[in-house]
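This is the structure I want to talk about, given as structure tokens.
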Amino acid sequence: MPRSLTLPMAALLLALAPAPRAAAADEPVLVEFHFTPVPGAQIAIWLEDAQGKYVQDVMVTQAVGKYGIGNRPGIWNFLSSWRAPYGPRTSVLPVWAHRRGKTYPKIILHDEDPGDLDSLGFHENTSSDEPYFCRPLSPPEHEIISVDTMTCPSPKVFNSDKGQFDPGGEISWYPPRNDILGFDPLLDAEEIQTYAELNDLDAVTAATPPGEQAAFVTVLVRPEAMAEPPLTAYLEINLEADENASYSFDRETDHYVDPDLSAYGVEYLGQPAVVYAVPFDPLTKGFRGTSEYAGYADWNGATGTLHPPDATISTANGSGADRLKVMTKNGETFRWGVYSHGGPGDGGTTGDGESDSDGESDGVTGAGSTTEDDPGDGWGTCAQVQALAPVEDLALVSESFDRVQVSFRLPPPADPTIALKEVQVYSIASNAPLTEELLGAAHQSTFAAGELNTTEGLVSVEIGELWGDYTYQFAVRYEDACTNRSPLVTAQITTEAQKFQTVDTFCFLATAAWGAPWTAQVAALRTFRDDFLKTSPTGVDLIRFYYAHSPPLARVIAREPLLRGLARVVLQPVADAALLATAGG
């Protein structure tokens with residue numbers, strides 16, 4: 001497959017030639033990767049050798065690596081929304097996916113009703129409980145949830161189709177999700193029990209970086225991966241709905257709009273994934289970085305082709321190639337940077353950028369340079385692997401139905417010259433304790449050292465986007481700048497139940513039927529109540545009767561998909577009339 005870079009690989013090899021190389025290593029070499037992404041991006045990092053052979057995974061964001069968004073059941077261009085369960089995002093990271101060379105069974109809908117195969121909804125009656133994804137949202141809901149509350153609109157009331165293997169034997173370049181712990185033989189396909197085993201990305205799956213903050217990823221490069229230097233460190237980054245003049249898409253014509261649920265889902269297509277590449281020799285201590293992107297992927301993820309840079313890709317305002325922001329660290333300015341700690345006996349070299357054989361800049365700077373003025377967050381000398389003490393005094397406090405405060409104390413560092421890199425908090429809805437074996441299924445939240453809120457030695461972080469009235473297992477560990485990790489410390493909490501009965505804001509039955517207080521139907525009924533019913537004595541009596549008798553029924557409806565469907569059928573004409581009335585029509 002084509003693998004175009006900003007320069008031919010031969011020129012990049014020449015750029016590396018002057019630096020003296022340490023003897024071949026028998027031990028792994030610590031390598032750091034530095035970059036600053038925009039928020040909400042999906043990212044993969046990997047290494048290839050001088051022959052273009054894929055040699056090592058470094059990192060992939062958990063939406064792809066854990067929740068399998070590249071291999072979900074449903075039509076590929078289904079309208080999306082925050083944590084929507086259906087439609088594979090085959091364009092998310094296609095260069096990374098194809099170059100790995102690993103394939104998986106394609107996941108299709110388990111719901112075999114022909115009328116449901118092209119639908120965003122109506123799968124609930126043949127589906128089990130959903131541990132992570134939300135029901136599809138309308139555009140107004142999506143704006144509220146993705147920007148403001150970040151809370152699933154139907155906690156404990158949404159079931160999703162977990163899919164099955166394509167009986168025709170079709171394959172996917174992406175793994176299936178691996179966060180499913182439960183199996184209902186009456187509702188699920190047997191193969192969902194194998195999803196976690198098929199998903200081989202546990203060790204490299206990481207939390208999505210928060211965005212607009214410098215990110216710092218480390219890896220120990222295996223000795224066998226360094227057999228044919230130099231290596232090239234690749235980063236692929238994608239951002240949904242990142243459109244421009246060359247990649248302009250329409251909600252109605254370029255995506256599949258479910259005719260029965262046309263008000264749900266938002267467009268997600270945009271510019272393709274963009275790839276950065278930096279060649280380096282792990283056994284040569286120093287930094288190399290670039291501000292130029294190497295190319296871009298197919299907009300629809302059809303192949304793993306890397307197209308050379310051109311004017312169709314944006315380069316500013318956080319779009320296109322500017323999804324990685326220009327950053328400066330230790331005197332180096334770059335978008336994608338690699339620092340190797342070098343092999344044994346390497347005293348380090350210095351350099352300030354190289355030129356190719358034609359005398360033109362290769363866009364890769366800092367070749368062979370070392371800078372040790374900031375060893376606290378990497379980019380310096382690391383000691384041998386050492387054990388770290390666990391966190392102390394771990395405590396969980398429920399702040400609301402969907403948020404938990406996690407507090408703990410960090411022990412004194414084993415080596416004061418090596419700074420804290422990050423704290424990792426894992427959470428999973430389960431009654432079983434969270435162990436190392438279950439981390440692959442748990443949601444990971446990562447907090448950089450600079451983000452931590454510490455008061456009198458007590459560190460507090462907030463974990464959101466949880467389900468209400470669920471028992472959650474939490475685990476906390478921390479990692480230093482030399483990749484040393486502490487043991488897991490665990491605790492358990494049951495979140496508060498989401499309340500469906502606040503007189504001033506919620507409509508009990510309607511909220512239970514549609515799953516959220518901000519749906520158009522519930523909003524219309526609430527406005528009708530406030531603007532019309534409350535203005536007359538008869539209307540006030542109706543409201544009092546409703547509040548007296550509907551909460552118990554709402555609690556039953558909220559947990560039964562069939563009853564919710566029937567309630568929607570009964571309430572829809574009322575909601576339609578309320579919409580007309582509140583619109584003045």
Closer than 3.5 angstrom, by distance alone: can the side chain of Gln193 be matched with the main-chain N or O of Glu190 as a donor-acceptor pair?
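Such a contact is found between Gln193 side chain and Glu190 backbone.
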Nearest-0.5 Å distance that lies between atom OG1 in Thr490 and atom CG in Leu438:
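So the OG1 of Thr490 and the CG of Leu438 are separated by 11.0 Å.
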Taken to the nearest 0.5 Å, the spacing of Glu465 CD from Trp82 CH2 works out to 4.0 Å
Nearest 0.5 Å, please: how far is NE2 in His443 from CD1 in Ile428?
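Answer rounded to 0.5 Å: 11.5 Å.
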If every non-hydrogen atom of Gly182 is compared with every non-hydrogen atom of Ile180, which pair is closest and at what distance?
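Scanning both residues completely, I find the closest heavy atoms to be O-CG2, 3.2 Å.
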For the residue pair Ser127 / Ser160, report whether a side-chain donor-acceptor contact shorter than 3.5 Å exists.
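No pair is found: no donor N or O on one side chain lies under 3.5 Å from an acceptor on the other.
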Could you check if a side-chain atom of Arg135 sits within less than 4.5 angstrom of a side-chain atom of Glu141, using non-hydrogen atoms only?
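In short, these two side chains touch, coming nearer than 4.5 Å.
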Does Glu462 form a side chain to side chain donor-acceptor pair (under 3.5 Å) with Gln405? I'd like the steps, not just the answer.
CA-CA 5 Å; Glu462 184 182 85; Gln405 184 187 74; over 6 Å; no
Looking only at heavy atoms, what is the nearest atom pair of Ala273 and Val92, with distance?
CB-O, 3.8 Å
Ion pair Lys53/Glu228, N-O distance below 4.0 Å
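A salt bridge is absent here (no side-chain N lies under 4.0 Å from a carboxylate O).
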Measure the OH-OG distance between Tyr104 and Ser172 for me, rounded to the nearest 0.5 Å.
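The OH atom of Tyr104 sits 8.5 Å away from the OG atom of Ser172.
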Check whether Asn71 reaches the backbone of Tyr174 with its side chain - one donor and one acceptor, N or O, closer than 3.5 Å.
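Yes; at least one donor-acceptor contact below 3.5 Å.
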So, Asp57 and Lys102, do they make that salt bridge, N to O below 4.0 Å?
no
Measure the acute angle between the ring planes of Tyr472 and Phe474, then classify it against the limits of 30° and 60° as parallel, tilted or perpendicular.
tilted
For a quick test of reading the model, state the closest non-hydrogen atom pair linking Arg477 to Leu488 and the distance between them.
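Scanning both residues, the minimum pair turns out to be CD-CD2, 3.8 Å.
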Do Ser80 and Glu240 come close enough that some side-chain heavy atom pair is under 4.5 Å?
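Yes, at least one pair of side-chain atoms sits under 4.5 Å.
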Is the shortest heavy-atom distance from the side chain of Arg485 to the side chain of Gln424 under 4.5 Å?
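Yes, their side chains come closer than 4.5 Å.
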Could you check Glu422 against Glu451 for side-chain contact (heavy atoms from CB on, under 4.5 Å), going step by step and ending with a plain yes or no?
CA-CA 9 Å; Glu422 64 188 26; Glu451 297 178 76; over 6 Å; no
Please examine the side chains of His110 and Pro73, heavy atoms only from C-beta on, and report whether any two atoms are closer than 4.5 Å.
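Counting from C-beta outward, Pro73 and His110 never come under 4.5 Å.
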May I ask you to decide if Asp179's main-chain N or O and Tyr195's side chain share a donor-acceptor pair within less than 3.5 Å?
no
Any donor-acceptor N/O pair, Asp322 side chain to Lys325 backbone, under 3.5 Å:
no
Minimum heavy-atom distance between Pro411 and Glu392, given as atom pair plus value:
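So the minimum-distance heavy-atom pair works out to CB-OE2, 4.1 Å.
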Will you find, in the side chains of Tyr54 and Trp96, an N or O donor that is under 3.5 Å from an N or O acceptor?
yes
Counting heavy atoms not belonging to Glu224, are there more than 12 under 6.0 Å from its CD?
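More than 12 heavy atoms, drawn from other residues, nucleotides or ligands, come within 6.0 Å of this atom.
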State, to 0.1 Å, how close Lys421 and Val217 come at their nearest heavy-atom pair, and which atoms those are.
NZ-CA, 3.9 Å
Is Thr495 reaching over with its side chain to a backbone N or O of Asp469, donor-acceptor style, under 3.5 angstrom?
yes
State whether the side chain of Thr205 and the backbone N or O of Gln62 hold a donor-acceptor pair below 3.5 Å, judged by distance alone.
no
Does some side-chain heavy atom of Trp336 sit less than 4.5 Å from a side-chain heavy atom of Phe33?
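Yes, close enough: below the 4.5 Å cut-off.
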Is any side-chain heavy atom of Val221 closer than 4.5 Å to one of Val55?
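Not in contact.
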Quick check: does any side chain N or O of Tyr67 sit under 3.5 Å from a backbone N or O of Arg83, one acting as donor and the other as acceptor?
no
Ring of Tyr132, cation from Arg177 - is the NZ or CZ under 6.0 Å from the centre and inside 45° of the axis?
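The answer is no; the distance or angle limit is not met.
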pair Phe447-Asn453: side-chain heavy atoms closer than 4.5 Å
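Counting from C-beta outward, Phe447 and Asn453 never come under 4.5 Å.
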Would the distance check show the side chain of Lys162 and the main-chain N or O of Asp129 forming a donor-acceptor pair, the cut-off being under 3.5 Å?
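Looks like yes, one N/O pair under 3.5 Å.
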Would you find a donor on one side and an acceptor on the other, under 3.5 Å apart, between the side chain of Asp393 and the backbone of Arg409?
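Pair absent, no side-chain N/O of Asp393 close to backbone of Arg409.
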Look up atom CG in Leu201 and atom CE in Met59, then write down how far apart they are to the nearest 0.5 Å.
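Taking CG in Leu201 and CE in Met59, the distance rounds to 12.0 Å.
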So CD of Gln473 and OG of Ser430: to nearest 0.5 Å the spacing works out to 5.5 Å
Work out which heavy atom in Ala207 is nearest to a heavy atom in Thr61; give both atom names and the distance.
O-CG2, 4.5 Å
pair Val423-Phe408: side-chain heavy atoms closer than 4.5 Å
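Answer yes - side chains close enough.
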Lys/Arg N to Asp/Glu carboxylate O, Glu236 vs Arg99, below 4.0 Å:
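No, this pair does not count.
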Side-chain (Tyr276) to main-chain (Ala321) donor-acceptor, under 3.5 angstrom:
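A pair under 3.5 Å: yes.
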